[in-house]
Structures are given as structure tokens and as C-alpha cells.
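Since the structure comes first, as C-alpha cells, the remarks are kept for the end.
As the structure is a prediction and not an experimental result, all values here were calculated from the model. Residue numbers start from 1 in every chain, and the chains themselves are labelled A, B, ... in the order their sequence lines are given, proteins ahead of strands.
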Amino acid sequence: GAVVSQHPSRVICKSGTSVKIECRSLDFQATTMFWYRQFPKQSLMLMATSNEGSKATYEQGVEKDKFLINHASLTLSTLTVTSAHPEDSSFYICSAGTGQTGTEAFFGQGTRLTVV
Amino acid sequence: AQSVTQLGSHVSVSEGALVLLRCNYSSSVPPYLFWYVQYPNQGLQLLLKYTTGATLVKGINGFEAEFKKSETSFHLTKPSAHMSDAAEYFCAVIIPTSYDKVIFGPGTSLSVIP
């Protein structure tokens, strides 16, 4: 199956700094990538949809200025958490689609962000 | 709007007993259905999926699920629970034409008692 690589798997940062998370599709071109956030003991909530070469579409309640998404190529999307605060500590996971409807989504390994 | 519900946020079974995790969905069009498992501090692993064809689908680790359109359900079962099955299970849907956007249910935490 298709492989999605997410990096880093864990990151600890100081409050007020920014953190970038990368999501790469290794063996296919991903026209669309999705970013999810998971708080402890909770489900995965879609944050935004990232389309190559265009602006991301954010779900209601997600601050687009805080969670910057860039999808500059067909194999790479990045999520930057700007001016991170402890409440941003969470598990972030990306998924990539091949653009063919009905296919499964391929997930990265996830990134555990801890803001201290 | 599409949604996924999972009855029972926590299910506990004895080792060797039947595992049944319930999932119902709401969608204006027939969705594609998935079950994922998540072990502590890890990412998601696809257990099985239904897109078209046979409504009883078999997945990894002895799990299977049956799509019942009339009941809008996709319950997950395993005949005999193993200690290693203890994890969080998420039912999810993809709506055709959504370019693989996954909508997750709230999850069910499965505990297996020795």
C-alpha cells in the first residue's frame, strides 16, 4: 500500500515558539492531504484539508493563523503550529489521498507535540 | 452532514470471549466504511474496510465486519479476544467524492480481562 511518512514523531517545544510538522507521501502523488488532531482519550478531529498549490480549507473553530498549512508539492504538506501554547499539546496526524474517490486514506505515524 | 457513532466508549471482554464493537453511520450517500485500531501512543492501523461488493469483510488479526445498509451499521467482531487486542478502535467513513477525507467515530476502548 501507499506510504505516508510524518516527521518528527515527537517534539517538545517551549511556549511561544513555532513547530513545523512534515507529511510526505513516499510512493504516490497526493493531491489532497488532511491534518487531524487528537487530544488524549478522544477521537481524531479534522483540522484542515490541504490541496496542492492552493490555500488550505480549515474546519470550523480551527485558527488558520495559528495552524499554518503549506502544500507546496504533490508529495509534501507541512503544518506549522505558531506561537505554541501548552493547550496546543496534542497528537497530530496527517493523511494523504491519491485523488481517486473511494480509496482508503493513508495515514502518517503521527506527531506527539508537547509544549512546555 | 455525515456522522459516525460508536455505542459504548468502553468495552470489556474476557480473554477468549466474543468481541463486538458497534458502529452506526449517517450519510446522505452510501459511504465507504473503515475500522482502525490505535495502540497507546501509536498511530492508526487499518483493520478492514468496505467499499463495494461482499458486505462481510475480513480484516487483519481475525477481525471482521458486516455492512448492513438497512441498519446503517458496520459492527466489528472477533470470535475470540486476545490480550493483544486491548486498544482503541475507531470506526470511520469516507464519503465518495470527498477525496479521501476521513470522518471518525468517537472511538471505543477495548479492554481484555485475563
Side-chain angles (χ1 to χ4, degrees), chain A residues 1-10 21 23 25 28-52 54 56-60 71 90-114, chain B residues 1-10 21 23 25 27 29-53 57 59-60 65 67 74 87-111:
Chain A
V3 179
V4 174
S5 177
Q6 189 172 338
H7 180 80
S9 57
R10 291 179 178 273
I21 302 170
C23 180
S25 57
F28 68 100
Q29 293 184 329
T31 55
T32 306
M33 289 185 174
F34 303 93
W35 288 95
Y36 298 82
R37 178 170 57 186
Q38 183 183 34
F39 290 110
K41 307 289 186 183
Q42 295 188 28
S43 187
L44 293 93
M45 302 302 297
L46 180 66
M47 298 175 66
T49 302
S50 167
N51 294 295
E52 187 267 336
S54 64
T57 302
Y58 291 82
E59 297 297 304
Q60 191 172 11
H71 193 158
S90 188
F91 186 69
Y92 294 88
I93 191 166
C94 68
S95 75
T98 62
Q100 300 172 20
T101 58
T103 62
E104 69 179 90
F106 302 99
F107 286 89
Q109 307 94 314
T111 298
R112 173 74 60 192
L113 170 63
T114 303
Chain B
Q2 300 81 22
S3 66
V4 181
T5 57
Q6 292 180 240
L7 183 62
S9 60
H10 186 89
L21 304 182
C23 172
Y25 67 90
S27 175
V29 298
Y32 300 109
L33 297 152
F34 304 81
W35 275 99
Y36 291 91
V37 62
Q38 185 180 37
Y39 297 99
N41 297 311
Q42 294 189 27
L44 297 173
Q45 182 179 14
L46 179 67
L47 278 178
L48 48 79
K49 63 179 180 179
Y50 170 79
T51 53
T52 58
V57 293
I60 61 172
F67 169 57
F74 191 57
E88 190 79 20
Y89 291 80
F90 294 98
C91 182
V93 302
I94 287 178
I95 306 302
T97 73
S98 72
Y99 296 98
D100 306 325
K101 178 169 68 176
V102 182
I103 300 169
F104 288 93
T108 297
S109 177
L110 176 66
S111 297

(request) Please name the pair of heavy atoms, one in Phe90(B) and one in Gln42(A), separated by the smallest distance, quoted to 0.1 Å. (result) CZ-O, 3.9 Å

(request) Measure from the ring center of Phe34(B) to the ring center of Phe107(A) and say whether it is less than 6.0 Å. (result) no

(request) Identify the heavy atoms of Lys101(B) and Tyr36(A) that sit nearest to each other, and give their distance. (result) C-OH, 4.1 Å

(request) Identify the two heavy atoms, one from Ser43(A) and one from Phe104(B), that lie closest to each other, and give their separation to 0.1 Å. (result) OG-CB, 3.5 Å

(request) Check whether Gln42(B) gets within reach of chain A through its side chain, its backbone, both or neither, counting any heavy atom under 4.5 Å. (result) backbone

(request) Would you name the heavy atoms of Val102(B) and Ala105(A) that are closest together and state the gap between them? (result) CG2-CB, 3.5 Å

(request) Enter the distance from Leu46(A):CG to Ile103(B):CD1 here, rounded to the nearest 0.5 Å. (result) 8.5 Å

(request) Sort Ile93(A) into side chain, backbone, both or neither according to what part of it lies under 4.5 angstrom from a heavy atom of chain B. (result) side chain

(request) With a 4.5 angstrom heavy-atom cut-off, could you sort out which part of Gln38(A) is near chain B: side chain, backbone, both or neither? (result) side chain

(message) Does Leu7(B), at its CG atom, have more than 12 non-hydrogen atoms belonging to other residues, nucleotides or ligands within less than 6.0 Å?
(response) no

